[in-house]
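Read the structure below first, then the notes.
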Number of protein chains: 2
Amino acid sequence: MDSSDVEEGSPAVVPGRNRRRMQSVRMVDVARLADVSPSTVSLYLRRPSSVAPHTGSTIERAIKELGYVPNMVAGGLAAAGSRVVSIIVPSLRNAFFAETVSAMEALLARQGFHILIGHTEYSLEREEELVRAALSWAPAAIVLTGLNHADTTRTMLAANRTPVVEMWETGDASIDINVGFSHAEVGGMAARHLISRGRTRLAFLGARLEEDTRAAQRCEGFRSACVEAGIEPQVVRHSAPASTEAGGILLARALAQGAYDGFACSNDTVALGVVFEAQRRGIRIPRTFSLIGFGDLEFGSFCDPSLTTIRPSADLIAKNVTELVLARINGEPDIEKGYRVEVGASIIVRGSS
Amino acid sequence: MDSSDVEEGSPAVVPGRNRRRMQSVRMVDVARLADVSPSTVSLYLRRPSSVAPHTGSTIERAIKELGYVPNMVAGGLAAAGSRVVSIIVPSLRNAFFAETVSAMEALLARQGFHILIGHTEYSLEREEELVRAALSWAPAAIVLTGLNHADTTRTMLAANRTPVVEMWETGDASIDINVGFSHAEVGGMAARHLISRGRTRLAFLGARLEEDTRAAQRCEGFRSACVEAGIEPQVVRHSAPASTEAGGILLARALAQGAYDGFACSNDTVALGVVFEAQRRGIRIPRTFSLIGFGDLEFGSFCDPSLTTIRPSADLIAKNVTELVLARINGEPDIEKGYRVEVGASIIVRGSS
DNA sequence: CGCCAATTTCGTAGCGCTACGATTTTCCCC
DNA sequence: GGGGAAAATCGTAGCGCTACGAAATTGGCG
């Protein structure tokens with residue numbers, strides 16, 4: 001009954017005969033043309049210095065002639081790891097993150113890495129999905145924003161030896177590598193600055209504080225620094241994302257509540273909205289109140305009044321994250337789990353305070 | 001759960017072979033636990049409806065229990081095509097493109113696609129590299145910005161059957177699919193609007209026109225519409241990227257050149273810079289001059305005066321690009337090479353004119 | 001000119017998954 | 001309950017490349 005005695009002379013029709021090819025020109029074609037083995041071509045592509053110069057140039061010529069483009073998918077599979085870095089941010093519409101991603105893309109592209117991107121819209125569930133998706137590409141590293149993640153996300157990442165960098169926020173509960181600064185400290189700086197200007201009736205104008213946990217931390221830092229100075233600040237909230245519109249709404253709401261003489265904002269975009277609304281109402285800044293933003297966005301130097309703000313060195317974050325990712329990938333030994341870089345933040349005093 | 005090194009009993013006693021595993025849990029493990037063949041697991045993952053409900057739920061349970069994450073790299077290789085869409089934009093710092101990428105990412109993620117991103121900084125050589133890199137991932141589609149590409153880029157893409165969408169600009173020389181609008185027409189609209197306001201001494205304030213070919217087209221459209229109306233406009237240039245700072249510089253430069261009464265700007269950010277500079281100089285807008293921007297960025301409604309602008313329906317671009325990409329991937333027959341969607345642009349008249 | 005080490009090149013066996021066709025099971029109706 | 005169609009499941013052969021170890025070649029020097 002077994003099929004063990006198949007004695008038919010004709011070779012059984014083999015299944016899976018005509019599969020679709022992904023590429024027309026493969027490494028083997030280059031090898032053939034350059035009259036070397038595929039191994040040598042592969043080696044040349046990965047470590048040109050290990051191939052004799054003459055052989056190298058022959059291969060180079062063959063690649064050009066055939067227009068060969070290496071297949072990263074196959075390469076990634078064979079090498080058990082792809083040259084992809086997955087970056088997950090809350091939102092690209094937010095200038096900070098757009099900037100960071102942009103800077104990292106430029107730096108990593110130079111090292112032959114590609115960027116897979118995802119945005120969470122501040123949802124931990126969405127982040128979890130994105131991390132799962134990212135992992136399925138066997139990335140060289142995963143870069144997350146902030147330290148606040150779903151438990152499942154942490155578990156998934158822990159079960160994996162992919163380097164993980166959490167950026168834009170520092171703290172103790174980091175998964176692996178951590179680059180950023182303390183948002184509570186930034187909030188504190190804002191409060192102390194306003195107080196140093198003699199302001200005492202203070203409020204924090206916050207957009208989307210429930211979701212944007214980093215803004216919430218700045219708010220909390222602001223609060224405690226005020227309390228420390230014997231001042232009880234107000235927090236005015238708006239549930240929409242930070243925008244100039246939100247800034248206008250928040251100022252209106254604050255003015256309806258009381259006579260404040262100092263405002264710290266979620267970020268510079270909100271602060272700009274405050275400036276606009278004040279202009280419309282004929283309120284003079286900083287005569288009537290002092291205003292401080294966060295982020296040092298470009299327009300802050302040029303609006304009228306120019307914005308006092310706190311600059312979070314986004315470029316330093318991008319630079320450090322990139323360097324650490326590369327160091328980790330190259331197996332540098334001193335970049336251990338728990339490695340942390342504080343990039344700090346500096347206050348930039350301008351016209352609005 | 002998973003130990004870091006894999007030494008599951010495998011009969012690999014063959015001449016010292018030990019490669020590194022990419023994953024600890026593979027599809028075969030899920031199959032084993034669910035007591036089905038790997039094929040069935042694969043089928044379930046790709047077309048759940050083709051698997052008996054009971055089998056499906058058994059597999060589902062096994063996946064959960066093992067924490068299995070499919071390997072897209074292996075899947076992509078086997079299926080001759082990955083679920084990646086590569087998007088190449090000039091810059092993520094530019095709000096338009098950040099917005100578009102963001103919208104597309106959200107829409108495509110819903111369909112199980114991932115976004116590989118690159119930015120060219122307006123360099124055609126860089127774009128070429130990025131396209132080459134993109135192709136090496138065998139993406140489901142490639143999305144480019146604009147119609148202006150290096151010859152080699154065109155050749156590479158032509159040698160490939162990957163769907164290509166060029167967005168944000170329409171014209172005749174498109175590679176494959178084209179979604180956008182005519183920038184010359186936008187420039188014309190701006191000119192005609194200023195003229196309709198009785199303005200006759202007109203100038204275009206342009207940032208980075210040498211590189212940003214779309215801004216250059218708006219400028220050219222502006223010019224010809226002016227000429228058509230018997231007006232000879234001036235073009236004031238600044239070689240730095242569009243920013244509020246550039247707006248200030250351009251206004252200063254224009255005022256030093258002559259007495260203009262109408263300005264069209266590269267985009268809203270530049271226009272905002274003009275507003276700021278005018279404020280500092282005590283110039284009243286629109287009493288002294290009318291101002292029109294481009295892009296309908298968020299702050300435009302809220303600054304003082306609010307900005308008259310031209311809105312390019314970025315969301316429509318993102319929506320159309322995404323839909324066309326999906327249609328093409330699903331082999332819809334009527335989306336042929338040369339398919340074009342004009343999303344148009346509409347003028348939004350506000351306080352600055 | 002022979003010997004050994006260093007340099008360069010090569011052959012082979014997968015990486016984990018999916019397409020394809022074949023095989024088995026289920027279902028329906030006479 | 002038997003026959004045939006439909007549904008469900010399976011077995012196999014790669015997809016294109018790289019890691020690995022081994023083989024071939026070169027070079028230096030006694």
For A/Q23 and D/dC15, give me the distance from atom CD to atom P, rounded to whole Å.
12 Å
Grab the CZ-C1' distance between A/R83 and D/dC17 for me, whole Å please.
15 Å
A/M27 CE to C/dC10 P: how many Å, rounded?
13 Å
Side chains of A/V131 and A/L144: does their closest heavy-atom pair fall under 4.5 Å?
yes
Cationic N near anionic O, under 4.0 Å, B/R61 to B/E65
no
Under 4.0 Å from OP1 or OP2 of C/dA19: is there any side-chain N or O of B/R46 that close?
yes
Output the rounded distance in Å from CD1 (B/I59) to P (C/dC17).
13 Å
May I ask you to check whether over 12 heavy atoms, not counting those of B/D315, lie within 6.0 Å of atom CG?
yes
Please state how far atom CG in B/D29 lies from atom C1' in C/dG16, giving the value in whole angstrom units.
11 Å
Tell me whether the side-chain N/O atoms of A/R26 come closer than 4.0 Å to OP1 or OP2 in D/dC17.
no
Does B/Y68 make a side-chain N or O approach to OP1 or OP2 of C/dC17 shorter than 4.0 Å?
yes
Consider only side-chain N and O atoms of A/S50 and A/R47, and report whether a donor and an acceptor are under 3.5 Å apart.
yes
Over the length of the helix from C/dC1-D/dG30 to C/dC30-D/dG1, how much do the five-pair end axes diverge, rounded to 10 degrees?
30°
For A/F97, ring pair (Phe, Tyr, Trp, His ring centres under 6.0 Å) partners two or more places apart:
A/W168
Ignoring hydrogens and angles, state whether a donor on the side chain of A/T40 or A/S37 is under 3.5 Å from an acceptor on the partner side chain.
yes
A/L77 has an atom CG; how far is it from atom C1' of D/dG14, in whole Å?
12 Å
To the nearest Å, give me how far apart CZ (B/R21) and P (D/dA19) are.
17 Å
d(CD1, B/I63; C1', C/dC17) in whole Å:
14 Å
Contact state string [nucleotides 5-10 of chain D, B base, S sugar-phosphate only, - no protein heavy atom under 4.0 Å]:
---SBB
